[in-house]
Amino acid sequence: MGIGKASNGIAGTLSTNMSVKIALVTDIHYADVPERNNRYYRESLSKLREAASVLAPKRPDLAVCLGDLIDGPEKTDPLAELGHLKTIQTEFQKLAPRRAYVLGNHCVNALTKGAYLRAVGQRKSYFSLDLGGWHLIVLDACFRADGAEYAPGKFSWDDTEVPAPERAWLAADLARTKSPTIVFCHQRLDMDPDAKQGARSSRAVRQILESSGRVKAVFMGHTHTTELRTSGGVRYATLPAMVEGSGPESNGYSLLTLKPDGDFTLTGFRRHTEHPLHGAEPGR
């Protein structure tokens, strides 16, 4: 069951003197289709199995997919993508008993947001929760610049936005919390609006995040790259995709540990060891 059913928190919250452990994966793009452009869609199933075999014994409190859990055939096929989602869900659920799904553009290429969220058991596409003294925010940038939400056949991957109502919710949500905060989003919030991968309102979103004084880091996917930028005291970390490349050595996944003192560490595996945050303690 996805945590969206308890959008204001998770049942059985942790003590504030305990670290919070989060399994992080992104851009899995699972589909039962042949390789294209260095994306080995079928191999994502075995890669995610490996991630679960390594991370699940560490007992994460939460698993987060930073978007693009599924992909599909070149011709849009909702039934096929629902089948892909069911298959990959079986493995993703092994990571942790509680899970959060960040919407990526490929998640809703053939499925409506409602259909995708119902399939993963999550009630909302953007929400926040408190866990072990930390505040966690999931954002949804799967909107067009005109504010319309992505729908099959009615969007382009490079037209992405965090619309005004969501930004207003974000500002109000951050104003209510006094806890150190981590934000998850699929599309890039650290890029300016003229970049294809960046949300049109990225500057406005960064201003909200950075002025709050609460946000420690933002974790993103989408571009399949390894990047780290800092702005206004907030670290914007982009994690590499699981789908890129063939073989176990091309896999990548991480364990994010949120400490009671407000610091965090990122322990990467496989290609996630390439990330500048891997093994580092950023400091407060």
Side-chain angles (χ1 to χ4, degrees), residues 1-28 30 44-69 88-104 120-122 127-139 179-186 216-221 235 237-242 248 251-273 275 277-282:
M1 177 180 296
I3 60 174
K5 289 184 178 295
S7 59
N8 61 347
I10 297 179
T13 54
L14 303 174
S15 168
T16 56
N17 61 3
M18 296 175 60
S19 293
V20 176
K21 293 182 288 185
I22 300 175
L24 278 180
V25 294
T26 191
D27 294 275
I28 295 169
Y30 173 70
S44 286
L45 189 60
S46 59
K47 289 177 180 178
L48 189 57
R49 283 175 181 153
E50 179 195 296
S53 72
V54 172
L55 296 180
K58 302 180 186 300
R59 301 177 66 84
D61 303 291
L62 179 69
V64 177
C65 177
L66 292 170
D68 286 355
L69 179 60
I88 202 67
Q89 266 279 86
T90 301
E91 302 305 321
F92 185 66
Q93 290 172 352
K94 296 176 182 178
L95 284 169
R98 291 163 286 196
R99 297 165 295 278
Y101 300 81
V102 181
L103 280 183
V120 299
Q122 183 168 288
F127 57 92
S128 65
L129 59 100
D130 295 298
L131 193 60
W134 283 78
H135 192 63
L136 308 178
I137 296 175
V138 170
L139 292 179
S179 301
T181 300
I182 297 290
V183 176
F184 305 105
C185 187
H186 180 64
K216 301 293 183 178
V218 179
F219 288 92
M220 303 163 291
R235 289 171 173 82
T238 305
L239 300 180
M242 183 174 282
N251 200 359
Y253 45 95
S254 290
L255 185 70
L256 175 65
T257 302
L258 310 179
K259 301 182 178 182
D261 62 2
D263 277 340
F264 68 88
T265 58
L266 184 75
T267 303
F269 299 85
R270 299 289 194 182
R271 289 182 58 225
H272 281 203
T273 61
H275 201 279
L277 283 180
H278 166 65
E281 190 162 309

Closest non-hydrogen atoms of Met220 and Leu66, given as atom of the first, atom of the second and distance, are O-CD1, 3.8 Å
Could you report the tightest heavy-atom contact between Ser19 and Pro260, atom names first, then the distance?
OG-CD, 3.6 Å
If we only count heavy atoms from C-beta on, is the Tyr30 to Glu91 side-chain gap below 4.5 Å?
no
For Leu103 and His186 the tightest heavy-atom approach is O-CB, 3.4 Å
Mind checking side-chain hydrogen bond (donor to acceptor under 3.5 Å, both in side chains) for Thr181 and listing every partner two or more places apart, or none if nothing turns up?
none
Residues Leu139, Val102; criterion side chain to side chain contact (heavy atoms under 4.5 Å, CB included); working and verdict
CA-CA 7 Å; Leu139 292 179; Val102 181; over 6 Å; no
Rounded distance (nearest 0.5 Å) linking atom CZ of Arg235 with atom CZ of Phe219
10.0 Å
What pair of heavy atoms forms the shortest contact from Ala100 to Phe92, and how long is it?
O-CZ, 4.4 Å
What's the spacing between Leu239 CG and Asp27 CG if we round to 0.5 Å?
9.5 Å
I'd like to know if the side chain of His275 and the backbone of Ala237 have a donor-acceptor N/O pair within less than 3.5 Å.
no
Ile28 and Val25 have their tightest heavy-atom pair at CD1-CG2, 3.8 Å
Nearest 0.5 Å please: distance from the NZ atom of Lys21 over to the OG1 atom of Thr265.
11.0 Å
From the list Val64, Leu62, Asp130, side chain to side chain contact (heavy atoms under 4.5 Å, CB included) partner of Leu136 resolves to Leu62
Residue list, side-chain hydrogen bond (donor to acceptor under 3.5 Å, both in side chains) with His272, at least two apart or on another chain
Ser254
Reported CG-to-CZ distance for the pair Leu255 and Arg59, which is rounded to 0.5 angstrom
13.0 Å
Distance only, no hydrogens: is a donor on one side chain within 3.5 Å (strictly under) of an acceptor on the other, for Tyr101 and Gln89?
yes
Mind checking the CG-CG spacing from Leu256 to Leu266? Nearest 0.5 Å is all I need.
6.0 Å
Any non-hydrogen side-chain atom of Phe269 less than 4.5 Å from a side-chain atom of Leu55?
yes
Could you check Thr26 against Asp68 for side chain to side chain contact (heavy atoms under 4.5 Å, CB included), going step by step and ending with a plain yes or no?
CA-CA 7 Å; Thr26 191; Asp68 286 355; over 6 Å; no
Any donor-acceptor N or O pair under 3.5 Å, side chains Glu50, Tyr253
yes
Which atom of Thr273 lies closest to which atom of His278, heavy atoms considered
O-CD2, 3.5 Å
Distance (rounded to the nearest 0.5 Å) between Leu45 CG and Arg49 CZ
4.0 Å
Stepwise side chain to side chain contact (heavy atoms under 4.5 Å, CB included) test for Phe184 and Leu24
CA-CA 10 Å; Phe184 305 105; Leu24 278 180; 3.8 Å; yes
Would you mind reporting whether Ile88 and Thr90 have side-chain heavy atoms less than 4.5 Å apart?
no
Using modelled atom types and a 3.5 Å cut-off, is there a donor and acceptor pairing between side-chain atoms of Lys47 and backbone atoms of Met242?
yes
Given Ile182 and Lys216, is the side chain to side chain contact (heavy atoms under 4.5 Å, CB included) satisfied, shown in steps?
CA-CA 6 Å; Ile182 297 290; Lys216 301 293 183 178; 4.1 Å; yes
Ignoring hydrogens and geometry, is there a side-chain-to-backbone donor-acceptor pair from Trp134 to Gly262 under 3.5 Å?
no
